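Computed from a prediction, not measured in an experiment: that's the story for all the values here.
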Amino acid sequence: MTLKGEISHSLLDLKQLKHLDLSCNDFGGIQVPKFIGSFQNLRYLNLSYSNFGGNIPPQLGNLSELHVISRGSFHGPFYETMSMANMKWLSTLGMLHHLDMSGMDLSKATDWLQVINTLPSLVQLHSSGCELLNLHMYVPSVNLTSLSVLDLSYNDFNTPVSQWILNVTSLVSLDLNDCRFHGPILSFRNLTSLELLHIAENDFMNSSSIFQELFSSNLISLDIANCGISSSVLDSLQNLTNLISLDLSRNQLTKRILKSLGNFCNLRGIDLSSNKIGNISLTYFLKVFLSANHLPWSHYPCPTTI
């Protein structure tokens with residue numbers, strides 16, 4: 001069932017309400033009701049995919065017990081028209097640990113990072129496709145000591161990567177896909193807890209020195225599609241033996257890449273599409289892969305071609 005139309009003030013009778021999920025409905029582009037800010041016991045608020053429009057009412061800043069706000073989704077595309085020009089009301093939510101603003105228009109929220117930096121309990125921040133323009137290159141100090149998930153993907157920053165991102169040493173997941181980052185080359189050395197790094201569509205990644213610093217034994221998912229990467233650069237990835245998923249599509253890879261993949265003995269998924277590898281047989285591919293792992297080919301016969 002899909003809810004439509006106005007949201008009744010009668011909800012205010014639920015004075016002890018702690019969990020409010022309005023996701024996956026069609027409210028026809030109306031603004032999020034201001035009276036939602038009256039639920040002083042609310043801890044969870046989900047507004048995702050409900051066709052709300054207009055500005056988020058600052059009255060939500062009264063929800064001092066709130067732990068989770070979600071208006072977006074982990075996956076696009078985004079079609080809704082919600083926006084937020086002033087984010088200062090978020091700074092009153094000291095208990096907030098999950099904030100998902102994916103798809104919201106934040107192009108006028110020039111203070112977004114200063115506000116986020118006042119949320120010491122924040123564990124997950126999802127701001128994919130938010131039309132963010134200012135990455136804030138110079139930040140004196142970062143207080144995001146609990147942050148483990150940071151998603152800034154699909155924002156056209158067109159700048160170098162800001163150092164503050166690389167100083168959040170608690171990060172486990174970092175998604176910077178399609179942010180149009182460019183040089184100078186920076187270091188991932190401090191991000192030793194990373195398990196997921198998605199950084200496709202960023203041309204500064206074609207560097208051996210960057211890959212040599214991705215030494216984290218925890219890294220299990222790496223997306224470096226369409227980064228202009230050549231086969232010689234991949235030799236620097238050999239220490240990432242725990243990788244389960246690797247996306248190398250739309251790069252400048254040649255047949256030589258196959259020997260570089262030998263150390264990735266835990267791989268479950270790999271994308272090599274749209275490279276310069278040419279037509280190779282699956283038999284040849286597996287022989288190279290298995291021989292690099294010192295496994296006998298005779299145990300894995302496979303005549304299929306790709």
**Request:** Just say parallel, tilted or perpendicular for the rings of Phe157 and Phe181, cut-offs at 30° and 60°.
**Result:**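 Ring orientation of Phe157 relative to Phe181: parallel.
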
**Request:** If the plane angle is over 60° it's perpendicular, under 30° parallel, otherwise tilted; pick one for His98 and His126.
**Result:** tilted

Just verifying a value: how many Å separate [X] [atom1] and [Y] [atom2], rounded to the nearest 0.5 Å?
| X | Y | atom1 | atom2 | value |
| --- | --- | --- | --- | --- |
| Cys179 | Tyr154 | SG | OH | 9.5 Å |
| Ile56 | Met101 | CD1 | CE | 10.0 Å |
| Leu174 | Leu152 | CG | CG | 7.5 Å |
| Ile244 | Leu246 | CD1 | CG | 12.0 Å |
| Ile116 | Ser127 | CD1 | OG | 6.0 Å |
| Thr118 | Leu90 | OG1 | CG | 8.0 Å |

**Prompt:** Do any N or O atoms from the side chain of Gln252 and from the backbone of Lys276 form a donor-acceptor pair under 3.5 angstrom?
**Reply:**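 Side chain of Gln252 to backbone of Lys276, a donor-acceptor pair under 3.5 Å: no, none is there.
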
**Prompt:** Are any side-chain N or O atoms of Asn25 and backbone N or O atoms of Phe27, one a donor and one an acceptor, separated by less than 3.5 Å?
**Reply:** no

**Request:** Give a yes or no on whether Gln114 atom CD has more than 12 heavy-atom contacts from other residues, nucleotides or ligands under 6.0 Å away.
**Result:**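 Yes.
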
For [X], all residues meeting side-chain hydrogen bond (donor to acceptor under 3.5 Å, both in side chains), sequence neighbours excluded:
| X | answer |
| --- | --- |
| Arg43 | none |
| Asp223 | Asn177 |
| Ser170 | none |

Donor-acceptor pair between [X] and [Y] side chains, under 3.5 angstrom:
| X | Y | result |
| --- | --- | --- |
| Thr110 | Asn134 | no |
| Ser231 | Thr254 | yes |
| Ser50 | Ser23 | no |

**Asked** Which salt bridge (Lys or Arg N to Asp or Glu O under 4.0 Å) pairs, counting each pair once, include a residue from residues 168-184, with sequence neighbours left out?
**Response**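 Found Asp178-Arg180, Arg180-Glu201.
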
**Request:** Sequence neighbours left out, what pairs pass salt bridge (Lys or Arg N to Asp or Glu O under 4.0 Å) with at least one residue falling in residues 9-33?
**Result:**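 For residues 9-33, and leaving out neighbouring residues, there are no salt bridge (Lys or Arg N to Asp or Glu O under 4.0 Å) pairs at all.
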
Quick one: are [X] and [Y] in side-chain contact, heavy atoms under 4.5 Å?
| X | Y | value |
| --- | --- | --- |
| Leu191 | Leu166 | yes |
| Leu243 | Leu222 | yes |
| Leu125 | Val149 | no |
| Leu176 | Leu197 | no |

**Message:** Could you walk me through whether Ser249 and Ser274 satisfy the side chain to side chain donor-acceptor pair (under 3.5 Å) test, starting with their C-alpha distance in whole Å, then the side-chain angles of each, then the deciding distance to 0.1 Å, before giving a yes or no?
**Reply:** CA-CA 6 Å; Ser249 62; Ser274 301; over 6 Å; no

**Asked** Apart from Val68 itself, what residues make up its hydrophobic cluster, given side-chain heavy atom links below 4.5 Å?
**Response** Tyr44

**Prompt:** How far apart are the closest heavy atoms of Phe204 and His182, and which atoms are they?
**Reply:** CB-C, 3.9 Å

**Message:** Test side chain to side chain contact (heavy atoms under 4.5 Å, CB included) on Leu12 and Ser38; report intermediate values, then the result.
**Reply:** CA-CA 8 Å; Leu12 290 173; Ser38 301; 3.9 Å; yes

